[in-house]
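Below is one structure; the comments refer to it alone.
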Amino acid sequence: MYGARAHTQSLRDLALEYGLQITTLRPSIYARRANLTVKFQDLYGFPVEGNVDDVNVLNEVREKVREQGRVWWSLEASKGSNWYLQTHVSSTIKSSLKFSALVNAITLKRLIRKGIPPVLRPKVWFSLSGAAKKKSTVPESYYDDLTKAVRDKVTPATKQIDHDLPRTFPGHQWLDTPEGHAALRRVLVAYSFRDSDVGYCQGLNYVGALLLLVMKTEEDAFWMLAVLLENVLVNDCYTYNLSGCHVEQRVFKDLLRKKCPRIASHLDALEFDVSLVCTEWFLCLFSKSLPSETTLRVWDVLFYEGAKVLFHAALAIFKMNEEELILAHQVGDVINIIQRTTHHLFDPDDLLTVAFDKIGSMTTTSISKHRKRQEPAVLAELDQRLRRLHSLNGEEEEGK
């Protein structure tokens, strides 16, 4: 009896802490009357600039987050604090399937698509992504030992990291401080030594920074980065030639033609290359393009369902603007439409409803087939580009 009471009290304490984190934005009466641009900070401390309509949307989103939090707390109270780990359904013998596990799996998928409450994100992500399992395979002191061992080492990766730190979310209340820079540097440098094939690639600074804000500790952020690059995303997305990212661009073009044929046909007529906007999406996982809570809602699904969610989100951004895009006459107009949309997507449901309800299903198997079909051509082109570069360098040397 005492244990149950203590558990309930613990949940109440967490819920109270969670509620205190969510503040309501209150634009001044002058801003409401004049519809002026207002500046404020979002839930994760990012400076935001928008109109009063944007503020109202954010207030509505905060209420949705509160409501979703109440749903999760209720499940924690009735099923236990780690109920979401009891979702494995055996595929070996049909008769051995546990009904409760099946129900939990269906409930969990639906809940995650509706959003994980901010206070629960660290532990839910860490468990469901595989980061906890990955961390368990090494000594407890692994991260501390690694950061100490590489503290004073200088490599091309550490030089690029130092160059990028001040440019990572400038103006953020914690990330853009000496303390924030130091924490992010330790995470990125440690990973650059863990995986020398990746080392460091521009874009990872934004991903690592957002992981730090969510996970709260450097070590947990490090392991989330590790599981993301080693298990969740496709191989070679962040290697020296970005071959994996180039393949994803080609796959996205295939999917756009299939899911949004009118848009694809019009963009082809304009000779618009979708990589102009999508490269940043796939390298930064939308962290530099979408508002923070919208990005994190995409990541909620990413860490549970895998990399296919990136295609769902990217296709949704185009689908949401279908009529306007078809009327665009220039490449610059397309870019402006897309960037304006992503900047103001403060309500994650606007994006994810289209992503999962209007785009249609995409299986991991079907996407893998697209990747296998595109990979040889991409690798051949990258090899040809490298040969051409070596040839030009050779001619320059001869000229000297």
Side-chain angles (χ1 to χ4, degrees), residues 44 46 164 167-169 198 201-211 214 225 228-229 232-239 241-260 263-264 267 272-303 305-322 324-325 328 331-348 350-356 358-359 362 364 367 370-371 374 378:
Y44 286 89
F46 288 97
D164 288 345
R167 303 189 298 179
T168 307
F169 297 126
V198 170
C201 174
Q202 287 177 301
L204 290 180
N205 51 321
Y206 295 100
V207 175
L210 205 48
L211 285 174
V214 174
L225 185 63
L228 184 65
L229 300 185
V232 178
L233 301 178
V234 298
N235 293 332
D236 301 328
C237 264
Y238 295 96
T239 49
N241 64 357
L242 300 179
S243 60
C245 185
H246 288 292
V247 171
E248 297 295 82
Q249 301 295 328
R250 299 290 181 86
V251 172
F252 178 71
K253 290 178 184 178
D254 286 348
L255 294 173
L256 189 66
R257 292 189 185 100
K258 182 179 180 180
K259 299 290 186 177
C260 307
I263 297 175
L267 296 183
F272 177 80
D273 187 348
V274 294
S275 65
L276 290 173
V277 292
C278 291
T279 299
E280 182 178 281
W281 296 350
F282 286 105
L283 281 178
C284 301
L285 308 183
F286 295 102
S287 61
K288 197 180 174 187
S289 309
L290 295 174
S292 64
E293 180 60 21
T294 305
T295 299
L296 296 177
R297 284 283 300 279
V298 173
W299 288 16
D300 285 344
V301 190
L302 173 69
F303 286 124
E305 297 187 37
K308 68 176 184 178
V309 70
L310 301 177
F311 294 113
H312 276 278
L315 288 167
I317 291 170
F318 278 86
K319 184 68 175 177
M320 293 169 74
N321 294 283
E322 181 165 5
E324 193 173 359
L325 287 171
V331 168
D333 296 334
V334 175
I335 294 175
N336 288 337
I337 292 168
I338 295 297
Q339 289 184 342
R340 184 177 68 248
T341 298
T342 54
H343 180 73
H344 289 278
L345 264 175
F346 291 108
D347 189 342
D350 289 345
L351 175 68
L352 295 179
T353 299
V354 176
F356 294 114
K358 296 186 179 180
I359 294 300
M362 293 184 288
T364 301
I367 292 174
H370 281 285
R371 289 189 181 118
Q374 292 291 355
V378 168

Quick one: list whatever passes side-chain contact (heavy atoms from CB on, under 4.5 Å) with [X], sequence neighbours left out.
X      : value
Lys288 : Tyr206, Glu280, Cys284
Lys308 : Glu305, His312, Thr364, Ile367
His344 : Asp54, Arg340, Phe346
Asp236 : Thr239, Ser243

Identify, with sequence neighbours excluded, every residue that meets side chain to side chain donor-acceptor pair (under 3.5 Å) alongside [X].
X      : answer
Thr294 : none
Gln249 : none
Lys253 : Asp273
Arg257 : none

Provide the full list of salt bridge (Lys or Arg N to Asp or Glu O under 4.0 Å) pairs with a residue in residues 311-322, sequence neighbours left out, each pair given once.
-> Arg262-Glu322, Lys319-Glu322
Mind checking ring-ring contact (aromatic ring centres under 6.0 Å, His included) for Tyr238 and listing every partner two or more places apart, or none if nothing turns up?
-> none
Non-neighbouring partners of Phe46 that pass ring-ring contact (aromatic ring centres under 6.0 Å, His included), sequence neighbours left out | Phe169, His172
With sequence neighbours excluded, residues passing salt bridge (charged side-chain N to carboxylate O under 4.0 Å, His left out) with Asp350 = none
To the nearest 0.5 angstrom, please state how far the CZ atom of Phe282 sits from the CG atom of Leu310.
-> 6.0 Å
